[in-house]
Amino acid sequence: MVRMLAVPPVHERGIFTGSRNSATARDWISVPRSRGGLMTTLPGWMHPPREEGWLAEDLDHLHEAPRHTELIHGGLVFMLVPRRSGYSRAVHRLTCALEEQAPEGVVVEQEITIRLDAHNRPEPDIVVTAVPLDKDRTWHAPDDVLLVIEVVSPESAYRDRTVKPRKYAEAGIRHHWRVEEEDGEPVVHVCELDESTGAYRPVDVVRGTLHLQVPFEIKIDLPGLV
């Protein structure tokens, strides 16, 4: 596995590579460390092709990039840490539960990005949309998204709890769930867009059985996800 040296120190594993103007309060950049020492240069394809950073459409042409590459504030975010079994199981089972209950015309997907704007194209863990399934699609528009779900992992906790929800709300996505682990079981933080502020407001923190009426009627045994 590639080891990482982060500058400045960070609490997440991966790489941020963007323009000088793309930084937020805790954006970061890190570079690979080889066994023999620090690599002094990044591969050419990691450098932004323009001064303002990367654009959303660039992701479709970065064939060298790792899977699950996201675009945040015009910078690339790579996840190089293998996904944990418990995390993958929870995402898979939650996806299946939603698919079983989704009404006709509603599609549940994993591992697909949302093009929020020209400089932001994150990849949520689960996206629920109201558009027909298209096998060649690589991203969704926010207007088509009914619900976006992030299952928090240690490697992406900061982005999942702060940066990405803020971006989803600014793009007008009405429903957002954040799935956390509490005493070994999933807990769902249910949020809904407050159109007067353009931010999410907490609706509920659900343990045990999740039973909601929006964006469609959903009933899920949360302990059964693990």
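Only a predicted model underlies this, so the values are computations on that prediction, with no experimental measurement involved. Count residues from 1 along the sequence.
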Could you pull out the closest heavy-atom pair between [X] and [Y], with the gap in Å?
| X | Y | value |
| --- | --- | --- |
| Val148 | Ile173 | CG1-CG2, 4.0 Å |
| Pro186 | Val226 | CG-CG1, 3.9 Å |
| Tyr200 | Leu193 | CD2-N, 3.6 Å |
| Gly208 | Pro223 | O-CD, 3.1 Å |
| Pro215 | Leu147 | CG-CB, 4.0 Å |

inquiry  = Could you walk me through whether Glu217 and Lys219 satisfy the salt bridge (charged side-chain N to carboxylate O under 4.0 Å, His left out) test, starting with their C-alpha distance in whole Å, then the side-chain angles of each, then the deciding distance to 0.1 Å, before giving a yes or no?
reply    = CA-CA 7 Å; Glu217 186 172 6; Lys219 189 172 184 179; over 6 Å; no

To the nearest 0.5 Å, what is the distance between [atom1] ([X]) and [atom2] ([Y])?
| X | Y | atom1 | atom2 | value |
| --- | --- | --- | --- | --- |
| Thr129 | Asp134 | OG1 | CG | 10.5 Å |
| Leu222 | Arg93 | CG | CZ | 13.0 Å |
| Leu116 | Leu71 | CG | CG | 9.5 Å |
| Lys167 | Thr162 | NZ | OG1 | 11.5 Å |
| Phe216 | Glu104 | CZ | CD | 13.5 Å |
| Asn120 | Leu55 | CG | CG | 11.0 Å |

message = Would you call the rings of Trp45 and Phe78 parallel, tilted or perpendicular, taking 30° and 60° as the class edges?
response =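 Geometry flag for Phe78 against Trp45: tilted rings.
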
Heavy-atom distance under 4.5 Å between the side chains of [X] and [Y], does that happen here?
| X | Y | value |
| --- | --- | --- |
| Val77 | Thr69 | no |
| Pro124 | Tyr168 | yes |
| Glu109 | Thr95 | no |
| Trp177 | Cys191 | no |
| Ile114 | Asp144 | no |
| Glu111 | Glu123 | yes |
| Pro132 | Val107 | no |
| Val91 | Gln110 | yes |

request  = Identify which one of Leu210, Asp204, Val205 satisfies the side chain to side chain contact (heavy atoms under 4.5 Å, CB included) criterion when paired with Arg207.
outcome  =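 Result: among Leu210, Asp204, Val205, Val205 is the only option passing the side chain to side chain contact (heavy atoms under 4.5 Å, CB included) with Arg207.
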
query = Picking from Ile149, Val187, Val152, what satisfies side chain to side chain contact (heavy atoms under 4.5 Å, CB included) with Val179?
reply =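 When Ile149, Val187, Val152 are each tested with Val179, the side chain to side chain contact (heavy atoms under 4.5 Å, CB included) holds only for Ile149.
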
In terms of hydrophobic clustering (I, L, V, M, F, W, Y; side-chain heavy atoms under 4.5 Å; direct or indirect links), are [X] and [Y] co-clustered?
| X | Y | value |
| --- | --- | --- |
| Leu146 | Ile220 | yes |
| Val145 | Ile126 | no |
| Met46 | Leu59 | yes |
| Tyr158 | Tyr87 | no |
| Val151 | Leu98 | yes |

task = State whether a side-chain donor-acceptor pair under 3.5 Å links Asp60 with Thr138.
result =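 Judged by distance alone, the side chains do pair up.
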
request  = Return yes if some donor-acceptor pair links the side-chain N/O of Arg50 with the main-chain N/O of Gly53 below 3.5 Å, else return no.
outcome  =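 Yes: the side chain of Arg50 pairs with the backbone of Gly53.
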
Sidechain-backbone polar pair: Ser88 side chain, Arg84 backbone, donor-acceptor under 3.5 Å =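 Checked: pair present.
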
Heavy atoms of other groups near His92 NE2, more than 12 under 6.0 Å =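 Result for NE2/His92: open.
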
ask   = Should we say atom CZ of Arg137 is surrounded by more than 12 heavy atoms from elsewhere, each under 6.0 Å from it?
value =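 Correct, the count exceeds 12.
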
query = Which one of Glu70, His140, Arg121, His68 satisfies the side chain to side chain donor-acceptor pair (under 3.5 Å) criterion with Thr113?
reply =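 With Thr113 as partner, Glu70, His140, Arg121, His68 yield a single side chain to side chain donor-acceptor pair (under 3.5 Å), made by Arg121.
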
ask   = So among His189, Lys164, His176, Arg159, which one has a side chain to side chain donor-acceptor pair (under 3.5 Å) with Glu150?
value =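 Filter result, single survivor: Lys164.
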
key: Verdict with reasoning, Val214 to His175, per side-chain contact (heavy atoms from CB on, under 4.5 Å)   = CA-CA 8 Å; Val214 291; His175 300 285; 3.7 Å; yes

inquiry  = Go through it in stages, so that I can follow the logic: the residues are Arg201 and Glu192, the test is salt bridge (charged side-chain N to carboxylate O under 4.0 Å, His left out), and I'd like the CA-CA distance, side-chain angles, deciding distance and then a yes or no.
reply    = CA-CA 6 Å; Arg201 61 177 180 85; Glu192 190 172 88; 3.0 Å; yes

